[in-house]
Amino acid sequence: MTDSADAVSQIAERIARGGRNIVFTGAGISTESGIPDYRSKGGVWDRFRPVYFDDFMGSRASRIEYWRQKTEMYHDLVKARPNAAHEAIHRLHEMGLLEAVITQNIDGLHQMSGLPDEKVVELHGNTRRIRCMTCGEISSEDAAQKRIAAGDPAPECHCGGYLKPDTISFGQAMPVAETERAVRLSETCDVFLVVGSTLLVHPAAGMPGIAKRNGAFLAIVNLSDTPMDGLADVRIEGKAGVALPGIVEALNRG
Ligand code: NAD
């Protein structure tokens with residue numbers, strides 16, 4: 001048995017105990033759906049300079065740059081479909097073995113795989129939803145992108161407010177209810193399975209440590225090292241789209 005096969009069996013065995021199983025996902029789970037992550041080579045930060053929240057609110061030039069970046073990413077987003085890793089997590093839900101997914105992702109692919117909204121805690125929002133920064137009205141990214149394609153590079157609301165994808169930008173406050181729920185889930189879970197995250201962005205990156213300090217079994221599936229690897233009970237250096245279906249297969253074998 002290879003190390004990785006052994007790790008898959010260990011994770012499956014812990015999940016099968018039927019306790020509170022949490023899956024915590026980052027951009028790495030969606031690369032196999034064609035959405036680049038941020039920090040890998042060729043990722044988003046190789047191509048774009050992040051626009052900080054205060055700059056977005058303070059200058060039209062920044063809003064135009066922000067929307068230019070979002071528009072480039074939108075082309076990947078509309079084509080993206082859940083991959084084998086998202087489907088494996090959905091399968092855990094169907095088997096009654098998933099307490100919740102805590103995700104840093106903004107792509108909505110967990111919900112598209114069939115997970116009910118209430119099982120997905122979105123720490124950084126959802127880019128398919130647009131919010132007016134003045135009146136709070138919600139609209140769709142498709143509608144905003146139609147306006148951009150028609151020549152409006154930084155669309156505004158009928159109230160005059162700035163429209164922004166409902167995601168957390170650098171310098172913007174984290175959503176309170178979601179963050180509190182994620183901390184509670186991390187404190188009380190039995191298994192905490194990290195998939196596809198560098199575990200560098202806080203406060204999200206603090207959750208595996210919270211889970212571990214409260215006695216959870218901590219497993220990490222990632223293509224590269226993370227600062228939490230030393231804390232993990234099991235670590236798989238490999239693709240999410242291979243490891244997660246492997247865990248489900250091991251569960252099916254009993
Ligand atoms: P990150 O880019 O910092 O890290 C991604 C990690 O996933 C890397 O360590 C990489 O080695 C690993 N990885 C890449 N492909 C993988 C695969 N197929 N299988 C397993 N691991 C793989 O992303 P992060 O830690 O999530 O943090 C960055 C921020 O990026 C988050 O706040 C998130 O909101 C945002 N983001 C989201 C999306 C998305 O919604 N799909 C895409 C890009 C960035």
Side-chain angles (χ1 to χ4, degrees), residues 4 7-8 11 23-53 66 69-70 72-89 101-113 115 120-129 141 164-175 178-179 182 192-209 219-229 232 234-247:
S4 164
V8 163
I11 296 169
V23 183
F24 174 94
T25 62
I29 196 175
S30 295
T31 55
E32 292 168 72
S33 293
I35 301 179
D37 62 17
Y38 276 179
R39 292 178 180 76
S40 293
K41 214 172 158 23
V44 172
W45 293 150
D46 274 356
R47 295 188 284 137
F48 299 128
R49 173 189 57 84
V51 176
Y52 281 69
F53 183 64
Y66 180 84
Q69 297 181 7
K70 282 286 174 185
E72 259 200 50
M73 294 186 231
Y74 177 73
H75 298 309
D76 291 329
L77 185 79
V78 284
K79 286 183 279 176
R81 295 291 171 271
N83 63 48
H86 296 101
E87 281 159 14
I89 295 170
V101 169
I102 302 171
T103 189
Q104 299 173 87
N105 292 348
I106 55 176
D107 56 32
L109 290 180
H110 287 298
Q111 294 89 327
M112 208 186 273
S113 77
L115 280 188
V120 185
V121 185
E122 290 179 320
L123 288 175
H124 297 161
N126 190 316
T127 197
R128 295 174 195 266
R129 203 169 52 220
E141 173 146 30
K164 181 179 177 296
D166 199 13
T167 58
I168 306 301
S169 294
F170 285 100
Q172 190 172 1
M174 292 285 290
E178 283 81 356
T179 307
F192 193 97
L193 170 59
V194 176
V195 184
S197 174
T198 44
L199 297 177
L200 289 173
V201 180
H202 282 272
M207 311 269 167
I220 299 180
V221 174
N222 204 49
L223 275 181
S224 55
D225 295 348
T226 82
M228 296 287 168
D229 289 350
V234 171
R235 189 176 160 265
I236 297 177
E237 192 173 319
K239 285 192 166 184
V242 174
L244 269 77
I247 293 168

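Worth saying up front: this structure is predicted, and the values here are computed from it rather than measured. Indexing begins at 1, ligand by ligand and atom by atom, following the structure's order.
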Leu200 and Pro227: which non-hydrogen atoms are nearest, and at how many Å? CD2-CG, 3.9 Å
Among the heavy atoms of Leu200, does any lie under 4.0 Å from an atom of ligand 1? no
Side chain to side chain contact (heavy atoms under 4.5 Å, CB included) with Arg235: of Thr226, Asp225, Val194, only one passes, and it is Asp225
Does ligand 1 have any atom that is closer than 4.0 Å to a heavy atom of Ser33? no
Which ligand 1 atoms, with their elements, are less than 4.0 angstrom from a heavy-atom of Lys239? 19 (N)
Would you check the N or O atoms of Ala27, main chain and side chain alike, for any that come under 3.5 Å of an N or O of ligand 1? yes
Short list, please: which atoms of ligand 1 are under 4.0 Å from a heavy atom of Gly196? 5 (C), 6 (C), 7 (O), 21 (N)
Kindly determine whether Met228 and Ile220 satisfy side chain to side chain contact (heavy atoms under 4.5 Å, CB included), including the steps that lead there. CA-CA 9 Å; Met228 296 287 168; Ile220 299 180; 4.0 Å; yes
Could you establish whether Ala204 and ligand 1 come within less than 4.0 Å of each other, counting only heavy atoms on the residue side? no
To atom 42 (C) of ligand 1, the nearest of Pro36, Ser30, Gly108, Ala85 on a heavy-atom basis is Pro36
Positive for side chain to side chain contact (heavy atoms under 4.5 Å, CB included) with Ser33, one of Arg81, Lys79, His86: His86
Rounding to 0.5 Å, atoms OG1 (Thr167) and CD (Gln104) come to a distance of 13.5 Å
Checking heavy atoms under 4.0 Å, the part of Ile106 that sits near ligand 1 is both
Look up atom CD in Glu178 and atom CD1 in Ile102, then write down how far apart they are to the nearest 0.5 Å. 11.5 Å
Nearest-0.5 Å distance, CG of residue Leu193 to CZ of residue Phe24: 11.0 Å
Distance under 4.0 Å to a non-hydrogen atom of Gly26: what atoms of ligand 1 satisfy this? 26 (O)
Would you mind running through ligand 1 and noting each atom that sits below 4.0 Å from a heavy atom of Ser197? 6 (C), 7 (O), 24 (P), 25 (O)
Working note: Val195 + Leu244, criterion side chain to side chain contact (heavy atoms under 4.5 Å, CB included); need CA distance, chi angles, decisive distance, verdict. CA-CA 9 Å; Val195 184; Leu244 269 77; 3.9 Å; yes
Side chain or backbone of Gln104 under 4.0 Å from ligand 1, or both, or neither, by non-hydrogen atoms? both
Heavy atoms only: give me the nearest Ala27-Asp37 pair and the separation to one decimal. CB-CB, 3.5 Å
Might you point out which heavy atoms bring Asn126 and Gly108 nearest each other, and give the distance in Å? ND2-CA, 3.8 Å
Short version for Ala240: what comes under 4.0 Å of ligand 1, heavy atoms counted, is both
Find all atoms of ligand 1 within a distance of less than 4.0 Å from any non-hydrogen atom belonging to Glu32, and give their numbers and elements. 17 (C), 18 (N), 19 (N)
Can you tell me if Glu32 uses its side chain to pair, donor with acceptor, with the backbone of Gly241 under 3.5 Å? yes
Any N/O pair Val201/ligand 1 closer than 3.5 Å: no
Within 4.0 Å of some non-hydrogen atom of Ile35, the atoms of ligand 1 are 41 (N)
For ligand 1, which atoms have a heavy atom of Ser224 less than 4.0 angstrom away? 8 (C), 9 (O), 10 (C), 11 (O)
I need the minimum non-hydrogen distance between Tyr66 and Pro165, along with the two atoms involved. CE2-CD, 3.4 Å
To which of Asp37, Asp225, Thr31, Leu77 does the heavy atom nearest atom 5 (C) of ligand 1 belong? Asp37
Nearest heavy atom to atom 39 (C) of ligand 1 wins, so pick from Ile236, Asp107, Thr127. Asp107
Checking the N or O distance criterion of under 3.5 Å, is ligand 1 in contact with Val221? no
Within ligand 1, which atoms have a heavy atom of His124 less than 4.0 Å away? 31 (C), 32 (O), 33 (C), 34 (O)
